[in-house]
Protein chains: 2
Amino acid sequence: MRTHPNKRRTDRVHRRYVARRLEILRAAGKQFRVRGFAEAGMRDIAAAADLSPANLYNYFRGKQEILFFCQDNSLDRMMAALERARRLRGTFAERLRFVIVSHLRCLLEEVGGSAAHLLTSALPAHLQRSLVAKRDRYEGGVRQLISAGVRSGEFVCSDPALAARAMLGAMNWSVRWFNPEGPMSATEIAEGLADYLIRGLLVKSEMYPAALPFPKIRSFAHDRASRAELRRPSAGSIAEGR
Amino acid sequence: MRTHPNKRRTDRVHRRYVARRLEILRAAGKQFRVRGFAEAGMRDIAAAADLSPANLYNYFRGKQEILFFCQDNSLDRMMAALERARRLRGTFAERLRFVIVSHLRCLLEEVGGSAAHLLTSALPAHLQRSLVAKRDRYEGGVRQLISAGVRSGEFVCSDPALAARAMLGAMNWSVRWFNPEGPMSATEIAEGLADYLIRGLLVKSEMYPAALPFPKIRSFAHDRASRAELRRPSAGSIAEGR
DNA sequence: TCAGTAACTGAACAGACGTTCAGAATCAAT
DNA sequence: ATTGATTCTGAACGTCTGTTCAGTTACTGA
């Protein structure tokens with residue numbers, strides 16, 4: 001029994017497995033976003049992902065784990081955008097705009113149906129802590145971006161922490177009213193919100209809003225499809241139930 | 001059997017009844033705010049209000065009705081603040097600031113533990129419609145305030161509707177991170193958020209933030225305690241259970 | 001073709017939920 | 001003290017939930 005054929009087989013099987021996992025996460029993310037965590041039942045999620053409810057448990061340990069990976073996944077994507085914005089050459093307004101637009105696309109665009117805004121208390125303590133820590137790092141990054149802009153003289157802001165929270169709140173709340181079939185696309189909304197949110201920081205607001213070109217995001221939705229976090233957890237990462 | 005003694009008796013009984021109703025609404029509002037609608041059980045609400053679970057049903061038809069009155073009540077308070085802001089003499093920035101601060105106080109201050117931000121889909125259609133209509137009137141009022149400021153030359157904003165949603169989102173999201181025991185009071189947060197949110201609209205942002213005095217709100221939390229909407233509904237306003 | 005593994009399912013389970021109800025306790029007025 | 005109404009409660013009911021499991025189907029590699 002050589003290892004190669006086996007290896008190839010399990011590879012393909014594993015790829016299918018990961019893909020199904022992602023499908024489930026997307027379906028669940030949409031359900032969570034639309035109906036809320038508690039209101040979205042496993043039977044709904046299963047139906048949205050075209051599986052039997054019982055079959056979900058071949059891919060995830062339970063509902064909480066699904067929520068966790070949904071949030072963890074979108075937090076990772078946002079964090080990646082934040083780090084990319086940091087390395088960006090340009091004004092702080094441009095960097096901040098990049099973060100805002102990325103954040104909103106991640107939340108609103110259909111393919112990225114995640115639900116980072118749901119950070120609910122329905123998770124066991126250690127998972128909750130892990131997510132909150134990640135979100136705090138992200139929020140801290142946004143705050144630092146604002147502070148740096150203030151130090152550089154480009155921004156004016158008496159309380160960067162509060163401004164960061166205001167910006168994130170305005171963005172996160174958009175999932176409440178955004179309608180994919182509505183007149184505005186996710187990108188248009190993102191640009192419009194960025195205009196307003198950044199204007200509140202600029203010292204010289206006359207030069208704003210202007211057509212600030214910023215690097216297009218390519219393959220944004222898929223570039224983390226095979227992240228380590230998406231693989232099946234081997235150890236007991238979810239120990240006790242609720 | 002004269003009517004006077006009876007009248008007096010039932011009056012007092014009725015006052016107690018209304019007061020208890022308000023207590024329940026406050027307790028439930030806090031639970032809904034902290035844990036979410038589905039996660040907050042009737043047994044939790046009852047415990048928070050110091051009642052037996054069964055006794056809740058002497059004051060409300062059920063959980064959905066409690067949520068409805070929570071939201072309806074805080075929407076009414078916000079609407080009242082909006083109308084008061086409209087009649088205010090002063091700049092549009094001052095009026096808008098009044099609305100923002102009132103909104104945030106209504107959401108965050110302990111005594112007004114309501115949950116307008118929860119507008120969930122867990123309510124029967126007609127109640128949902130009623131709340132959404134009221135919220136739309138409120139949101140429209142904020143939008144008109146912005147538009148009027150733009151027309152007057154005081155504000156600049158390419159999309160007042162979007163800006164209004166951004167502002168409301170930033171405010172509503174605050175219930176997620178606000179901590180009553182934290183370093184900032186609800187009022188301080190309200191002022192800080194108002195600074196930033198209004199700055200994004202001003203043409204001449206140099207004169208901002210400045211100490212803009214605005215009329216103090218007095219007896220804000222209690223002035224609607226005996227509203228008609230708080231009385232027990234006599235007809236079947238909640239018909240079918242979900 | 002055949003064995004073995006992976007993917008999947010229907011039916012059920014234990015627990016939590018909102019809610020009800022018969023009846024006890026409390027209150028108010030005579 | 002008695003009466004009638006109001007306020008309250010413990011215990012239960014039916015339903016829905018997340019989850020499990022024995023068993024079936026589909027797929028893979030030789």
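Throughout, a chain's letter reflects where its sequence line sits, starting with A, and its residues are numbered from 1. We use all heavy atoms of the structure for the numbers below, so side chains are in, but hydrogens, waters and symmetry mates are not.
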Handout entry: Interatomic distance where CZ belongs to Arg15(A) and C1' belongs to dA7(C) [whole Å]
Key = 17 Å
Problem - Separation of atom CZ in Arg12(A) from atom C1' in dT28(D), rounded to whole Å - result: 8 Å
Fill in the blank from the handout: To the nearest angstrom, the CG-C1' distance between Asn58(B) and dG23(C) comes to 13 Å
Handout entry: Contacting residues from residues 42-54 of chain A, given that a heavy atom lies under 4.0 angstrom of DNA chain C
Key = Arg43(A), Leu51(A), Ser52(A), Ala54(A)
Fill in the blank from the handout: Rounded to whole Å, OH of Tyr17(B) lies from C1' of dT7(D) at a distance of 12 Å
Handout entry: Steps toward salt bridge (charged side-chain N to carboxylate O under 4.0 Å, His left out) verdict (Arg26(B), Glu23(B))
Key = CA-CA 5 Å; Arg26(B) 281 207 251 270; Glu23(B) 277 179 42; over 6 Å; no
Handout entry: Below 4.0 Å: OP1/OP2 of dC8(C) and any side-chain N or O of Tyr57(A)
Key = no
Practice task
Measure from NZ on Lys63(A) to C1' on dT17(D) and round the result to the nearest Å.
Solution key: 8 Å
Practice task
Measure the distance from CD on Glu39(B) to C1' on dG18(C) and round it to the nearest whole Å.
Solution key: 15 Å
Problem - Contact nearer the 5' end of DNA chain C, comparing Asn55(A) with Asn55(B) - result: Asn55(A)
Handout entry: Between Arg86(B) and Gln144(B): side-chain donor-acceptor atoms closer than 3.5 Å
Key = yes
Practice task
List for me each residue that meets side-chain contact (heavy atoms from CB on, under 4.5 Å) alongside Ser52(A), sequence neighbours excluded, and say none if there are none.
Solution key: Ala54(A), Asn55(A)
Practice task
Rounded off to whole Å, could you give me the CZ-to-P distance for the Phe60(A) and dT20(D) pair?
Solution key: 15 Å
Problem - Any donor-acceptor pair under 3.5 Å from Tyr196(B) side chain to Leu197(A) backbone - result: yes
Practice task
Using only side-chain N and O atoms of Tyr59(B), determine if any of them is under 4.0 Å from OP1 or OP2 of dC8(D).
Solution key: yes
Practice task
Answer yes or no for Arg61(A) and Phe68(A): cation-pi contact, defined as NZ/CZ to six-membered ring centre under 6.0 Å and angle to ring axis within 45°.
Solution key: no
Exercise for the section: Could you tell me whether the side chain of Phe60(A) reaches within less than 4.5 Å of the side chain of Ile24(A), counting heavy atoms only? Expected result: yes
Fill in the blank from the handout: Between Ala40(A) and Arg16(B), the residue closer to the 5' end of DNA chain D by nearest nucleotide is Arg16(B)
Exercise for the section: Rounded to the nearest angstrom, tell me the gap between atom CG in Leu56(A) and atom P in dT20(D). Expected result: 12 Å
Completion exercise
Sequence neighbours excluded, the answer for salt bridge (Lys or Arg N to Asp or Glu O under 4.0 Å) partners of Glu83(B) is none
